[in-house]
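The structure under discussion appears below in the form of structure tokens.
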Amino acid sequence: MTALEEKYTLRSFEGGHPFRVLIRTILSQRTRDENTDHASALLFSKFRTPEEIAQADIGDIEKLIVSAGFYHVKAARIKEVSQILLDEFGGKVPNTIEELLTLPGVGRKTANCVLVYGFKKPAICVDVHVHRISNRMGLVETRTPEQTEDELKKLVPRKYWLEINDLMVQFGQTICRPVNPLHDLCPVSGLCKFYLEL
DNA sequence: AAAACGGGGGC
DNA sequence: GCCCCAGTTTT
């Protein structure tokens, strides 16, 4: 029985707390998600709220999150974002895509992750895994993750939106890998354009 | 459109 | 040790 055949449940990042999801997702940008675990745990063991991060010494934040990579940029961003949450959003993470996208360091992928994992709102966050898998399988033919998001929203019934993000990310990290995908273990190779045209 | 940004892990 | 991985901002 492969991992994909086990009953699937949506992972609950950071306990589903919007602020933690937001900060954690910024930390995970451009770095493998598992590399973010350590940084996120360290950071939240010391600072837990927007107030605490906004007031923290930037050097202290950097030390805690080194393992996430790009830590100079990310430390400055999470401090800045925390301050903006205090100044403009009453210390709460906004729950609309438009508001989230105004935050520095928050693009479409991060904003959608916050909506999905923080607020359980129907959204599809397209990272490179989702983009790659969707195109390999022939579900979509798109150049950018943004186009993939739009196409998937047309293809996939709304009630599955919460699940497909996490499913595809896990699938993309384990089986449908960027190089040397494990076709023999893949449960959908029979439907896969990329595999069938090898 | 393309560069720049830093560290972890597989081999 | 080398090489690949991964979003957003900025030029």
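For clarity, every value in this text was computed on a predicted model and none was experimentally measured. Side chains are part of it too, since the values below use all heavy atoms of this structure and drop only hydrogens, waters and symmetry mates. All chains are named by letter (A, B, ...) in the order of the sequence lines, taking the proteins before the strands, and each is independently numbered beginning at 1.
A gap of 16 Å separates the P atoms of dT11(C) and dG6(B), to the nearest Å. dA6(C) and dC11(B) have their P atoms separated by 15 Å, given to the nearest Å.
Applying the ring pair (Phe, Tyr, Trp, His ring centres under 6.0 Å) test to every pair with at least one member in residues 25-67 of chain A, sequence neighbours left out, gives no pairs at all. Listed by first and then second residue, the salt bridge (charged side-chain N to carboxylate O under 4.0 Å, His left out) pairs involving residues 19-29 of chain A are E14(A)-R20(A), E14(A)-R24(A), R24(A)-D33(A), R24(A)-D37(A) (not counting sequence neighbours).
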Check: residues 181-191 of chain A side-chain donor-acceptor pairs under 3.5 Å, at least two apart:
none

List the atom pairs, with distances to 0.1 Å, where a side-chain N or O of residues 56-73 of chain A and a protein N or O form a donor-acceptor pair under 3.5 Å, not counting sequence neighbours.
from	atom 1	to	atom 2	distance (Å)
D57(A)	OD2	G59(A)	N	2.9
D57(A)	OD2	D60(A)	N	3.2

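A donor-acceptor contact shorter than 3.5 Å is absent between the side chain of K193(A) and the backbone of M137(A). No donor-acceptor pair closer than 3.5 Å links the side chain of K109(A) to the backbone N or O of D127(A). Checking side-chain atoms of D166(A) against main-chain N and O of L162(A) turns up no donor-acceptor pair under 3.5 Å.
Each of R177(A) and V73(A) was matched to the nucleotide of DNA chain B holding its nearest heavy atom; the match closer to the 5' end belongs to V73(A).
Think of the region where chain A sits on DNA chain B: with heavy atoms and a 4.0 Å cut, that region ends 5' and 3' at dC5(B) to dG9(B).
Note: I53(A) CD1 to L85(A) CG = 9.5 Å, rounded to the nearest 0.5 Å.
Listed by residue number, the members of residues 134-145 of chain A with any heavy atom below 4.0 angstrom from DNA chain C form an empty set.
Here dC4(C) presents its C1' atom at 17 Å from CG of D33(A), a figure rounded to the nearest Å.
Legend: residues meeting side chain to side chain donor-acceptor pair (under 3.5 Å) with N112(A), ordered by chain and number and at least two apart, are E149(A). With sequence neighbours excluded, the residues forming a salt bridge (charged side-chain N to carboxylate O under 4.0 Å, His left out) with E52(A) are R48(A), listed by chain and number. Listed by chain and number, the residues in a ring-ring contact (aromatic ring centres under 6.0 Å, His included) with F19(A) amount to none (sequence neighbours excluded). Taking Y160(A) as the reference, nothing meets the ring-ring contact (aromatic ring centres under 6.0 Å, His included) condition, with sequence neighbours excluded.
Judged by distance alone, the side chains of E51(A) and T49(A) do bring a donor and an acceptor atom under 3.5 Å apart.
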Pairs under 3.5 angstrom, nitrogen or oxygen only, protein versus nucleotides 7-10 of chain C, please.
from	atom 1	to	atom 2	distance (Å)
dG7(C)	O6	R30(A)	NE	2.5
dG7(C)	O6	R30(A)	NH2	3.2
dG7(C)	N1	R30(A)	NE	3.4
dT8(C)	OP1	G107(A)	N	2.9
dT8(C)	OP1	G107(A)	O	3.3
dT8(C)	OP1	T110(A)	N	2.9
dT8(C)	OP1	T110(A)	OG1	2.7
dT8(C)	OP2	K109(A)	N	3.4
dT8(C)	O5'	G107(A)	N	3.3
dT9(C)	OP1	G105(A)	N	2.8

Handout entry: Nucleotide-level pairing of DNA chain B, given in dot-bracket where Watson-Crick and G-U pairs need both distances under 3.5 Å and | marks other strands
Key = |||||.|||||
